[in-house]
Amino acid sequence: MKRDFADFWNLMWEVGLLACAAFALLNAYAPPQDLPWKPLDLNQPVGRATAAKVADFDLSPTAAPEEVQGATEACMQVLREAGVEVERAADRDDGGFCVVRGAVRITGGAVTPLAPADVVMQCPLAVRYVIWDRQVLQPAARDILGSAPARVENYGTYSCRRIYGSQDVSERPSEHARANALDVAGVTLADGRTVTVLDDWRGEGRAGPAGSRFLHALRDGACGLFATVLTPDYNAAHENHLHLDAGDRGVCR
């Protein structure tokens, strides 16, 4: 009996050593964007753990003020370390479900500007935008259209309403009611061309088939970062923009 007990603990010891060795190898050689315990780096490609790392900054609707402040400051620090200029914006409460907490504004730095520029959003949405810009938008613009993006044309983030502007109280609130969604209308390139969702999604606009491939690449890349990505393929309400939000629905179309 004693020998069996000793053999068991020897086996557990060996298993523990193997597990430690495996963890050390994983920690040393696996891509950091795939490892949930590695810090979020906005310059890394989108990996298996990227979305979960960004989600660590998401705020519960019932979060205490000090929790909101702490999470938002940590989120802004990640942006600043990545060379993005960002400032705290005023939170707002327009009553009911129209509450914005942890609001920030991107003001410059190493990121493709938004146009209009005075866009307020929740900080985790800003982080997702920067990753999408660096890892999806910029490479797609260069590879497909041969020019860098100069600005992202948008319809804003905040709107105190239910989905599709419905007046039906049974409809859920839009993520725009929390400044947790960005509507992208198109992209203006450094060479002066503009590719819009309305004109170019189906390849029938001035940008031609390349414009369509570009916009679809933006959609496909966004689906790994944002919870919900809606396009003209979803419904007519999104005929002229890509809806990118950080809610909890999990739709990509």
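All heavy atoms count here, side chains included; hydrogens, waters and symmetry mates do not. We're numbering straight along the sequence, starting at 1.
- Here the closest non-hydrogen pair linking V127 and C75 is CG2-SG, 3.5 Å.
- Residue pairs that meet the salt bridge (Lys or Arg N to Asp or Glu O under 4.0 Å) test with at least one member in residues 126-140, sequence neighbours left out, are D58-R128.
- Between the side chain of R151 and the backbone N or O of V187 there is no donor-acceptor pair closer than 3.5 Å.
- No side-chain donor from either of S166 and D168 sits under 3.5 Å from a side-chain acceptor of the other.
- Listed by first then second residue, pairs satisfying salt bridge (Lys or Arg N to Asp or Glu O under 4.0 Å) with a partner in residues 210-236 read R219-D233, not counting sequence neighbours.
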Test side-chain contact (heavy atoms from CB on, under 4.5 Å) on F57 and L125 and set out the steps. CA-CA 10 Å; F57 296 117; L125 184 68; over 6 Å; no

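- Side chain of D93 to main chain of V99: no donor-acceptor pair is present (N/O by atom type, distance under 3.5 Å, no hydrogens or angles).
- Listed for the R162 side chain is a donor-acceptor partner under 3.5 Å among the backbone atoms of E171.
- Salt bridge absent: R80 and E73 never bring a charged side-chain N and a carboxylate O closer than 4.0 Å.
- Atom SG of residue C223 and atom CZ of residue R253 lie 12.0 Å apart, to the nearest 0.5 angstrom.
- Under a 3.5 Å cut-off, the side chain of S212 and the backbone N or O of W201 do form a donor-acceptor pair.
- For the atom pair CG of L79 and CD of E85, the computed distance is 11.5 Å after rounding to the nearest 0.5 Å.
- Residues V197 and L230 are members of separate hydrophobic clusters, defined by side-chain heavy-atom contacts under 4.5 angstrom among Ile, Leu, Val, Met, Phe, Trp and Tyr.
- With hydrogens and angles ignored, the 3.5 Å screen pairs a side-chain donor or acceptor of Q122 with a backbone N or O of R178.
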Give the intermediate values and the outcome of side-chain contact (heavy atoms from CB on, under 4.5 Å) for residues I163 and R172. CA-CA 6 Å; I163 57 170; R172 68 180 181 279; 3.6 Å; yes

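- Rounding to the nearest 0.5 angstrom, the gap separating the SG atom in C252 from the OH atom in Y234 is 12.0 Å.
- Distance check, rounded to the nearest 0.5 Å: CZ of F226 to CG of N180 gives 10.0 Å.
- The OG1 atom of T157 lies 7.0 Å from the CG atom of L182; values are rounded to the nearest 0.5 Å.
- There is a path of hydrophobic side-chain contacts, each under 4.5 Å, that joins V46 to L42.
- One finds the NZ atom of K38 at 6.5 Å from the CG atom of L35 (value rounded to the nearest 0.5 Å).
- Among residues two or more places apart in sequence or in another chain, the ring-ring contact (aromatic ring centres under 6.0 Å, His included) test is passed with H243 by H176, H238.
- Not one N or O on the side chain of Q138 forms a donor-acceptor pair closer than 3.5 Å with the backbone of A148.
- R101 places a side-chain N or O within donor-acceptor distance of the main-chain N or O of P61, the cut-off being under 3.5 Å.
- Under a 3.5 Å cut-off, the side chain of T188 and the backbone N or O of A150 do not form any donor-acceptor pair.
- Donor-acceptor pairing under 3.5 Å is lacking for the side chains of Y129 and N154.
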So R202 and E239, salt bridge (Lys or Arg N to Asp or Glu O under 4.0 Å) or not? Walk me through it. CA-CA 11 Å; R202 296 178 178 84; E239 187 70 17; 2.8 Å; yes

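- Checking side-chain atoms of D200 against main-chain N and O of A207 turns up a donor-acceptor pair under 3.5 Å.
- Clustering ILVMFWY residues whenever any of their side-chain heavy atoms sit less than 4.5 angstrom apart, transitively, puts L225 in the very cluster that holds V119.
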